[in-house]
Amino acid sequence: MTTVSSPIAGRAIGLAAVPDPVFSGAMVGPGTAIDPVREPHAAVSPVDGVIVSLHPHAFVVVDSEGHGVLTHLGIDTVQLNGEGFELLVNKGDNVQRGQDIVRWNPVAVEEAGKSPVCPVVALEATAESLADVVEDGDVKAGDALFSWQ
């Protein structure tokens with residue numbers, strides 16, 4: 001079983017509250033979402049594993065069980081072309097839970113007209129394979145968001 005922890009501090013709101021139909025409809029996969037604290041900070045790895053996909057606005061870490069976890073920093077933030085995001089690791093790097101991956105500023109995302117809400121998604125999973133999904137309340141980076149069987 002894999003415990004997926006929060007990559008950022010903020011308020012858990014659940015995927016259904018994400019202002020994007022692909023995420024809110026769990027088309028990418030099940031999980032939850034965080035409305036981040038409004039200050040510059042680094043998003044951290046939600047699991048121990050390997051960075052298999054890395055973009056300024058999103059990253060995927062695959063753990064030793066083959067579970068891929070997507071962290072998406074804001075909605076439609078790909079349109080910012082990396083502006084306001086700083087990559088702190090490289091694709092292929094081994095990372096530890098809690099290690100800084102991308103530095104970003106949710107305030108700048110909002111000022112650019114985008115939502116800073118961050119989906120955290122279990123890729124190629126079913127809703128039934130997740131347990132203890134946190135969908136409300138304040139979370140700190142590193143707090144458990146869900147367990148993956």
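Just so it is clear, the values below take in all heavy atoms, side chains as well, and ignore hydrogens, waters and symmetry mates. Since we're looking at a predicted model, the values are computed, not measured.
Qualifying side chain to side chain contact (heavy atoms under 4.5 Å, CB included) partners for Pro19, counting only residues two or more places apart in sequence or in other chains: Ile75, Ser115, Val117. Qualifying side chain to side chain donor-acceptor pair (under 3.5 Å) partners for Asp20, counting only residues two or more places apart in sequence or in other chains: none. Contacts of Asp48 classified as side chain to side chain donor-acceptor pair (under 3.5 Å), with partners at least two apart in sequence or in another chain: none. The side chain to side chain contact (heavy atoms under 4.5 Å, CB included) search around Ala58 returns Leu70, His72, not counting sequence neighbours. Not counting sequence neighbours, Phe59 has no partner by the ring-ring contact (aromatic ring centres under 6.0 Å, His included) test. Legend: residues meeting side chain to side chain contact (heavy atoms under 4.5 Å, CB included) with Ala16, ordered by chain and number and at least two apart, are absent. In this structure, the side chain to side chain donor-acceptor pair (under 3.5 Å) partners of Gln79, at least two apart in sequence or on a different chain, are Lys114.
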If you apply the rule side chain to side chain contact (heavy atoms under 4.5 Å, CB included), what do you find for Ile51 with Asn90, and how did you get there? CA-CA 7 Å; Ile51 300 282; Asn90 296 300; over 6 Å; no
Could you check Leu54 against Val89 for side chain to side chain contact (heavy atoms under 4.5 Å, CB included), going step by step and ending with a plain yes or no? CA-CA 9 Å; Leu54 180 65; Val89 296; 4.2 Å; yes
After noting the C-alpha distance and the side-chain angles of Arg97 and Ser5, does the key distance pass the side chain to side chain donor-acceptor pair (under 3.5 Å) rule? CA-CA 8 Å; Arg97 177 189 315 272; Ser5 57; 3.3 Å; yes
Yes or no on side chain to side chain contact (heavy atoms under 4.5 Å, CB included) for Leu123 and Val60, after CA distance, side-chain angles and deciding distance? CA-CA 9 Å; Leu123 299 174; Val60 176; 3.7 Å; yes
In sequence, state the C-alpha distance, the side-chain angles, and the governing distance for Thr71 and Val61, and then conclude on side chain to side chain contact (heavy atoms under 4.5 Å, CB included). CA-CA 8 Å; Thr71 298; Val61 181; over 6 Å; no
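Ala42 and Leu88 make their closest contact through CB-CD1, 4.2 Å (heavy atoms, listed as atom of the first residue, atom of the second, distance). Annotation for Ala12 and Ile34: closest pair CA-CD1, 3.9 Å, computed over non-hydrogen atoms. Heavy atoms only, all atoms of each residue included: Val69 and Pro46 are closest at CG1-CG, 3.7 Å. The shortest heavy-atom contact between Thr3 and Val47 is O-CG1, 3.7 Å. Listed here is the closest heavy atom pair of Asn105 and Pro40: ND2-CG, 3.6 Å. Minimum interatomic distance between Ser45 and Val95 (heavy atoms only, all atoms of both residues): OG-CG2, 3.5 Å.
Under the 4.5 Å side-chain criterion, counting only non-hydrogen atoms from C-beta, Thr2 is in contact with Glu65. You'll find the side chain of Ile101 stays beyond 4.5 Å of the side chain of Pro7, heavy atoms only.
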Name every donor-acceptor pair, under 3.5 Å, that has one atom in a side chain of residues 139-147 and the other anywhere in the protein, sequence neighbours excluded.
residue, atom, partner, partner atom, Å
Asp143, OD2, Lys140, N, 2.9

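From Met27, atom CE reaches atom CG of Leu15 across 11.5 Å, with rounding to the nearest 0.5 Å.
By the rule that hydrophobic residues join a cluster once side-chain heavy atoms approach within less than 4.5 Å of another member, Val109 and Val107 end up as members of separate clusters. Under a hydrophobic-cluster definition in which Ile, Leu, Val, Met, Phe, Trp and Tyr are linked whenever side-chain heavy atoms come within less than 4.5 Å, directly or via other members, Ile8 and Val78 are assigned to different clusters. Cluster membership for Trp148 and Val133, using ILVMFWY side-chain heavy atoms within less than 4.5 angstrom, is shared. Hydrophobic clustering of Ile, Leu, Val, Met, Phe, Trp and Tyr side chains at less than 4.5 Å, counting indirect connections, unites Val62 with Val121.
Under the salt bridge (Lys or Arg N to Asp or Glu O under 4.0 Å) criterion, no residue pair touches residues 71-85, with sequence neighbours excluded. Applying the salt bridge (Lys or Arg N to Asp or Glu O under 4.0 Å) definition to pairs two or more places apart or across chains, those involving residues 7-19 are Arg11-Asp138. Sorted by first and then second residue, the ring-ring contact (aromatic ring centres under 6.0 Å, His included) pairs involving residues 82-107 (not counting sequence neighbours) are His41-Trp104. Residue pairs meeting the side chain to side chain donor-acceptor pair (under 3.5 Å) criterion with at least one partner in residues 28-39, sequence neighbours excluded, are Asp35-Arg38, Arg38-Glu110.
The main-chain N or O of Ala125 is never found under 3.5 Å from a side-chain atom of Ser129 such that the two would form a donor-acceptor pair.
When each of Leu73, Val28, Val22, Val18 is tested with Pro119 by the rule side chain to side chain contact (heavy atoms under 4.5 Å, CB included), just one qualifies, namely Val18.
Heavy atoms from other residues, nucleotides or ligands lying under 6.0 Å from CD of Glu124 number 12 at most.
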